[in-house]
2 protein chains.
Amino acid sequence: MESKKISKSVLKRLPGYLAYLKTMPEGSAPHISATALANALGMGEVQVRKDLAMVSDGGRPKIGYQREALIDDIEQFLGYDNTTDAILIGAGKLGQALMAYSGFDEYGLNILAAFDANPKMSRTEEGKPVYNVSKLEQFCRTHKVLMGIITVPAEHAQSVADQLIAGGIKAIWNFAPTHLDVPPGILVQNENMATSLAVLSVHLKAQIKEEKETKK
Amino acid sequence: MESKKISKSVLKRLPGYLAYLKTMPEGSAPHISATALANALGMGEVQVRKDLAMVSDGGRPKIGYQREALIDDIEQFLGYDNTTDAILIGAGKLGQALMAYSGFDEYGLNILAAFDANPKMSRTEEGKPVYNVSKLEQFCRTHKVLMGIITVPAEHAQSVADQLIAGGIKAIWNFAPTHLDVPPGILVQNENMATSLAVLSVHLKAQIKEEKETKK
DNA sequence: AATTTATCGATTATAACATATCGAATGGAT
DNA sequence: ATCCATTCGATATGTTATAATCGATAAATT
């Protein structure tokens, strides 16, 4: 089962399973079937089974998967079991919100420090240091940081990305609503709110249109 | 060209084009070709052309698209030209960050008010009212709000969603890391950071593994 | 012990999607 | 005025993701 090649769509569904498994009450049965999971999350049972088969092999007919073991398997697959260090650039509103979000530990993510062009404080509310952006590249090197989180305005995002890459970063989590040009081997994950909004907006438009037509 | 059926993948790419077109300097040529766009954003030129053909028909050989007209076409298609009202539930760190984000106007989104189970203030920094969550359903009805933004902890998300739907909401933008059960016709757009993290995390794991193997 | 039932896992089929290729049209160059 | 380069648009191919089908297995029941 271990890795080889995994489709990105599967990857995006795994956290969903994980979250559901974890929120199951303590008293529930120690086993859960792929079918049950599928029903709970409103997806096809075949798809769920296939996804689970990619990361685990503990499925037994009539019984299902052992919940604890399955959780462990998914977490291990997603790399949530060993923490990765990251830094955040852009200590604005969004940046601070992310720094304050305590849930990242759960996903094996540890934000070491924040950087800003004009640091208004030396430490965040949570006690994480805030440095001037000029220290960025050097910090990456000395701490061997592999992930950078960009929460700066769009016009500065590319420049920040370049500095991160120069510092040896391998993955970028980009919250700036702009395209980043990066060399191959560097992964950019865009958390673009504009795309989500587009989906919602078009849906609403269709919905309203439909309503008008049924009224006729 | 107008609507009919549009694939979700196309939809997600359109905001990228739009953002790039808008950031082009004033002095640049009034026309742009699909080829140029493709190169700038690092995508296939055929795909870009196909996408643009879905929303516009102003493409002319040798010239390309008129930039202004293309921007208008995309914005109209995405519904950015007429604003839609929305409300936000959960005035925590993330919720406040979203309220403070001024860029939403540009996408035709107008957040009317925020709701919280324990409002700590009656107004946000931006002057938007903050109500108790008990007023939620009534507010939706009287203001005919169609979109709700959920930024409450995962355990309360489903309950909030139910109230929104009871109030007549048609689209939900869900920032809570949990699955929401909704009746058909209601769209849930999950802005799940966990999925993005999963993609990044697995990439990093593969990257590290690769490095070790090349060192051998 | 045999049968039934529920579930996993593999195989196959379908559909969506991205990519490549080709012809047509247009504006600029010669 | 003719030719050429560029770009759009449409068609065709390959790839990938999704869905449906089938057999096998293990527990529960009779």
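By convention in this document, chain letters (A, B, ...) are assigned in the order of the sequence lines, proteins followed by strands, and residues within each chain are numbered from 1.
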Just by modelled atom types, is the B:Gly185 backbone N or O under 3.5 Å from a matching donor or acceptor in the B:Lys170 side chain?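 No.
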Between protein and nucleic acid, restricted to nucleotides 17-19 of chain D and to nitrogen or oxygen atoms under 3.5 Å apart, what atom pairs and distances do you find?
| unit_1 | atom_1 | unit_2 | atom_2 | d |
| --- | --- | --- | --- | --- |
| D:dT18 | OP2 | A:Arg13 | NH1 | 3.3 |
| D:dT18 | OP2 | A:Arg13 | NH2 | 3.4 |
| D:dA19 | OP2 | A:Gln47 | OE1 | 3.4 |

When the distance from CG of A:Asp57 to P of D:dT25 is rounded to whole Å, what number comes out?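 Spelled out: CG on A:Asp57 to P on D:dT25 is 17 Å.
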Side chains of B:Thr151 and B:Leu88, heavy atoms from C-beta outward: is any pair under 4.5 Å?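 Answer yes - side chains close enough.
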Describe, in one word, how the ring planes of A:Trp173 and A:Phe175 are oriented to each other, choosing from parallel (under 30°), tilted (30 to 60°) and perpendicular (over 60°). tilted
Atom-to-atom span, NE2 of B:His31 to P of D:dC8 - whole angstrom: 12 Å
Spacing of A:Asp73 atom CG relative to C:dC8 atom C1', expressed in whole Å: 16 Å
Sub-3.5 Å donor-acceptor pair from the side chain of A:His156 to the main-chain atoms of A:Val152, do we have one? no
Any B:Thr35 side-chain N or O less than 4.0 Å from OP1/OP2 of D:dC8: yes
Distance, rounded to the nearest Å, where B:Leu70 contributes CG and D:dT7 contributes C1':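 In whole Å, D:dT7 C1' lies 15 Å from B:Leu70 CG.
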Would you kindly give the CD-to-P distance between B:Glu45 and D:dG9, to the nearest whole Å?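 Between P of D:dG9 and CD of B:Glu45: 13 Å.
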List the residues meeting ring-ring contact (aromatic ring centres under 6.0 Å, His included) with B:Tyr80, not counting sequence neighbours, and say none if there are none. B:Tyr107
Look only at the side chain of B:Gln189 and the backbone of A:Leu197, and say whether a donor-acceptor pair between them is shorter than 3.5 Å.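 Such a contact is absent between B:Gln189 side chain and A:Leu197 backbone.
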Once rounded to the nearest 0.5 Å, what's the spacing between atom CG of A:Leu94 and atom OH of B:Tyr101?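 OH of B:Tyr101 is found 9.0 Å from CG of A:Leu94.
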Starting at OH of A:Tyr65 and ending at P of C:dC8, how long is that distance when rounded to a whole Å?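 Distance, rounded to whole Å: 6 Å.
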Ring center gap for A:Tyr17 and A:Tyr20 short of 6.0 angstrom: no
Using a cut-off of 4.0 Å between protein heavy atoms and nucleotide atoms, how would you tag nucleotides 25-30 of chain C 5' to 3' with B, S and -? BBS---
Any donor-acceptor N/O pair, A:Asn192 side chain to A:Ala194 backbone, under 3.5 Å: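 Flag set: sc A:Asn192 to bb A:Ala194 pair under 3.5 Å.
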At less than 4.0 Å, is any side-chain N or O atom of A:Arg49 found next to OP1 or OP2 of C:dG9? Yes or no. no
Rounded interatomic separation in angstrom, taking CG from B:Leu11 and C1' from C:dA16: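 These atoms are roughly 16 Å apart.
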D:dT16 P sits how many Å from A:Met54 CE, rounded? 13 Å
